[in-house]
Amino acid sequence: MKKARLAVGYGSICGGCDVAFTDVGTELVDLAELVDIVYWPAVVDGKIEQLKKISDIDIGIYFGAVRTEHHELVLRLLDEKSKILVAFGTCPCYGGIPALGNVETSDSLLQTAYSEAPNTTNDGIPGLRKLKRQTMEVPRLKAFISAPSDLVNFDVFVPGCPPPVQSVSKLIDLIRDYSAGDPIPEMHFIAEETSVCDFCKREKPEVISIDRIMRIHEVEFNEDECFLSQGILCMGPVTRAGCGEEPRCIQKNMPCRGCFGPLPKVRDQGTKFLSSIASSIVLGKEKNMSDEDLQHLVKKQVLDPVGQFYRFALAVAAFNRRYTGD
Amino acid sequence: MSFRPRITAFLCQWCGSKGADMAGTSRMKYPSTVTPIRVPCTGRIDLTHVLDALTKSDGVLIGGCYTPSNCHYKHGNYQALKRVELLKVFLKQMGVNPDRVRLEWIRASEGKKFAETIRSFTEQLEKLGPLKTQEEAMPE
Amino acid sequence: MRKIVKVEPCTRLEGEGKINIILDDNGDVEDAYFQVLDYRGYEGFLKGRMAEEIPRIASRVCGVCSWAHHMASAKAMDRLFGIQPTEASKKLREMVYNAHNLHSHLLHFFVMASPDFFLSPESEPSTRNIIGLLQKHPEVAKDALRYHAEAEKIQEIVSGKAVHPVFVIPGGVSKTITDEEKRAIVGKANEILDFTLEMLEFFKENVVANAKYKDLFFGDLYRLETYYMGLVDGKGQMNFYDGELKVIDPHGKEYAQFLPEDYLQHIAEISQPWSYSKFPYLKNVGWKGFEDGADSGVYRVNSLPRLNVTDGMPTERADEAYDDFVDTLGKPAHATLGFHWGRLIESIYNLERILELLDDPDLIEGEPRNLEGDFTGEGIGCVEAPRGTLIHHYKADDKGLVTAANLIVPTTMNNAAISMDVKKAASQLISHGNVSEGILNRVEMAYRAYDPCLSCSAHAMPGDAPLELIFRDKEGRVLKRIRRRSA
Ligand code: SF4
Ligand code: SF4
Ligand code: SF4
Ligand code: FES
């Protein structure tokens, strides 16, 4: 059997995906036997010039989101040279939590950390414009963070922040099958095609009407009842399943925050949830209220739609970055 | 050069849309800034489309049946009211003036109200100017 | 003419971290700087978020020590909401937090650092990684991967997710554990403890007692005399979850001990335009630039500093290992490579502490959460992350939305020291513009001891970092390159 040629490249990452990868333990040994690692800045020499020279990559895996120009270059090179391109983690699939930074401008993010921090003196702010000390320069930040999946076409998606160990095993299986000559289905997700709710064992009513949205530190959670019907925000209905036989967070008595990204066919996870939660607020009781009271009630109860509904997929949302001028 | 705002209008086929027709047939004057889109009911409008429209124009108008009782699908207009309110909270977080999205109840017979709404919305958007992304706003 | 030698990237995170070595007119080392090149702006976008949700967002600052950020921010939120966590939840938090530290230490020690030791530092670089280790010491490497994965499972049992947990909420935890879960954890902890004790012996025999490494431990190449900081409990002994911050001076004398809430009186930071990472220092000593010694405010955190500030270890076998360490390296120990040894000793403590805490029936029967409290609007939380002291500080408005966030992360605290250690190593290996090939390994080992986590982020996956030296003139033109051959 001919060994597949594997290359791995990085964008802006938190490192959690790498840890998840090593958490498959001894299966890594199988992977090492299965492929020739032609580029992986961890394992073999990983200069970008080298990636430019390599051709014929069978499988290219990309971790992280695109934050700097350098990240984009690595992504484009991998895309160009790989037969199968894999997005590993929520960051390359949907932008992930780092893309929540798009709620601010890059400039103001830098200002906050370097000028507003309570105990910081600055000898210069690194950043947006190239600043140098002698010739030591930092790469320029892009104006906003993008999801790699918006920039190139991936063949395989491994969502999850980070993906569970089972997904890593499945990816290794996929690589094995591919090496044996099996084709990979188009736009293949290592996840389910239904929602987190479909895998959730909690009791849920037909119709959910919420009088007051509760915050997690305010109430005790009933472990057998749907979070939403207890008035606690849960992204299960709009989130793709696949994080576990029983959804990982729900099983530990915490509501889903949507890390597996939108359901199949849903383009914008946050907007979808926003619509449905708005409907659920005092559903069926609207007639007793004035328009103003109703509007007020909605506004008062939902304090942070960006952080709650777009937490993992802001980068691929219809409105995906900060606007200015208004 | 004066700025001419573009408005996308999602109009319910029963009310908002008829109001617009009425304004047209009675030759009421209103600025030609509007691209109308007819929808079955305001409760059916997908907010993703509203956001998409907003990235391509300067303001979005949603016109539906008068609350409380006029919606042909019972409470579609209530859903729209609550959703748009919440959408505005989101828009504000993203640096967009929430006034760029406007919800109005326009009865089928109210051609005048439709024309009035477009006029005042256009004026308001003229004051706000075009919607800019960060990169567009950045000098250099 | 001033020249700059660039060593990049300094972990596998191409483009994210770089070492610049600046040569003076004679071609000798004038300065060395460790640069962090990615910036994600958490302090900016944590603002506006609901305070109680922060522990699930801030963990993404770093996936390698996600529990540290989860825990530090959650402890800050206990205070911000004024909700005192229940006794049971405090024990559960500490138990799982020790498991996290263990997991991180095992990953770093075996996957990243051990190839430097268990394979000779002169061995062919392309095999000096976990894959090479698998060939030379297959038993050790396989066991290491296996027990590392087992440590991961302890966290998963408790929180559903080992990375980016969902466990801690203001006032407690989401759930206690079951009896069955407890037994599973005890089983794993005992097994890993046996393995770690064995590895400590292996390390002592093969590395500490090995003449080849003598220089690395006792020579001047990797040695800085700085201040040290770490959390200690009421008895002045090591604790990862809670306590007071103790600082000792380069001679080992106590310099300060304070509550984490008072950190602003003791720690300040300075930024430089060429790095996205800031440089913290002891405020009352002052910033004197990249210098060691008692007059410079540079301090270090992480395993060796924690062992330097503690009065012995709170558990039995860790304490024995600690005595051995002190006998060999002295107290305070200044040898940068002592960080690795320290990680093994701490892993033993983590395991003993896990077992000790699991003895308490409260972890199963106790109350997971408390809901009562008075909102204060401000909170500071501090833990010992695997890489050192971590502080999270938040303010919120009366709706409980965050208005200010300040994070001081351990890699940042060691930032100046890393540059200094690199400079030291480089100075001895570069003279009159002659750079020996060995510098690649040596420089690598200097920063790897700190287990640097760039933008408190990346950690390396199997193996070691590729390096390249770039000689540049003042205008940035490339004069010469030395690079490691690829596999
Ligand atoms: S998907 Fe999550 S775990 Fe993976 S790099 Fe992104 S933030 Fe980290
Ligand atoms: S909303 Fe959440 S708690 Fe309710 S059924 Fe769906 S996943 Fe389960
Ligand atoms: S329950 Fe939701 S947030 Fe939690 S792991 Fe699953 S998809 Fe992610
Ligand atoms: S039918 Fe017009 S708003 Fe529902």
Side-chain angles (χ1 to χ4, degrees), chain A residues 100 102-108 128-129 142-144 262 266-310 314 317-326, chain B residues 43-56 58-60 64 66-69 71 74-101 103-105 124-125 127-140:
Chain A
L100 260 187
N102 285 357
V103 71
E104 289 295 338
T105 62
S106 294
D107 252 331
S108 94
L128 278 175
R129 283 152 206 96
K142 293 180 56 120
F144 59 94
V266 169
R267 145 125 186 271
D268 191 324
Q269 188 186 21
T271 316
K272 183 90 183 160
F273 191 78
L274 188 147
S275 294
S276 86
I277 198 74
S279 303
S280 297
I281 295 177
V282 295
L283 181 62
K285 299 173 191 158
E286 298 98 336
K287 289 207 162 65
N288 316 321
M289 299 174 81
S290 69
D291 281 8
E292 288 70 36
D293 284 351
L294 207 51
Q295 285 169 322
H296 184 72
L297 188 73
V298 170
K299 232 193 318 211
K300 201 179 72 193
Q301 301 213 26
V302 185
L303 297 170
D304 178 24
V306 172
Q308 294 297 91
F309 311 156
Y310 294 85
L314 184 63
F319 244 70
N320 63 356
R321 56 188 186 271
R322 179 82 188 182
Y323 280 67
T324 47
D326 275 9
Chain B
R44 300 287 181 81
I45 299 170
D46 182 340
L47 293 186
T48 313
H49 297 153
V50 174
L51 291 175
D52 275 336
L54 198 54
T55 59
K56 291 180 193 92
D58 305 293
V60 171
Y66 211 78
T67 50
S69 52
C71 172
K74 292 227 171 62
H75 48 233
N77 52 5
Y78 281 124
Q79 305 318 341
L81 179 75
K82 290 187 286 180
R83 285 173 188 164
V84 168
E85 199 54 34
L86 196 46
L87 192 71
K88 288 183 175 202
V89 179
F90 167 67
L91 287 173
K92 214 168 149 196
Q93 288 187 299
M94 299 306 284
V96 178
N97 190 321
D99 289 344
R100 289 187 187 272
V101 176
L103 177 78
E104 291 286 348
W105 307 132
Q124 191 177 18
L125 291 172
K127 280 198 203 105
L128 282 174
L131 186 56
K132 279 201 205 104
T133 60
Q134 179 187 178
E135 336 55 291
E136 288 160 355
M138 214 153 57
E140 197 192 354

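These figures come from a predicted structure and were not determined experimentally. Convention: sequence-line order gives letters A, B, ...; per-chain numbering from 1. Just so it is clear, the values below take in all heavy atoms, side chains as well, and ignore hydrogens, waters and symmetry mates.
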Problem - B:Tyr78 versus A:Ser279, side-chain donor and acceptor atoms under 3.5 Å - result: no
Problem - Among B:Val89, B:Val84, B:Val50, B:Asp46, residue most engaged with chain A (heavy-atom pairs, under 4.5 Å) - result: B:Val89
Problem - Side chain / backbone / both / neither for A:Leu314 at chain B, heavy atoms under 4.5 Å - result: side chain
Fill in the blank from the handout: Honestly, the part of A:Leu294 sitting under 4.5 Å from a heavy atom of chain B is side chain
Practice task
Would you indicate whether B:Lys92, at its atom NZ, is surrounded by more than 12 heavy atoms from other residues, nucleotides or ligands within a distance under 6.0 Å?
Solution key: no
Completion exercise
Heaviest contributor of heavy-atom pairs below 4.5 Å to chain A, chosen from B:Leu91, B:Leu87, B:Asn97, is B:Asn97
Problem - Over 12 non-hydrogen atoms of neighbours within 6.0 angstrom of NZ in A:Lys272 - result: no
Fill in the blank from the handout: From the list B:Leu47, B:Leu86, B:Ile45, B:Thr48, side chain to side chain contact (heavy atoms under 4.5 Å, CB included) with A:Ser275 holds only for B:Leu47
Problem - chain B contacts, top residue of A:Ile277, A:Val282, A:Ile281 (heavy-atom pairs, under 4.5 Å) - result: A:Ile281
Problem - Aromatic plane relationship, B:Phe90 with A:Tyr310 - under 30° parallel, 30 to 60° tilted, over 60° perpendicular - result: parallel
Practice task
Against chain B, label A:Asp304 side chain, backbone, both or neither, depending on which of its atoms sit under 4.5 Å from a heavy atom there.
Solution key: both
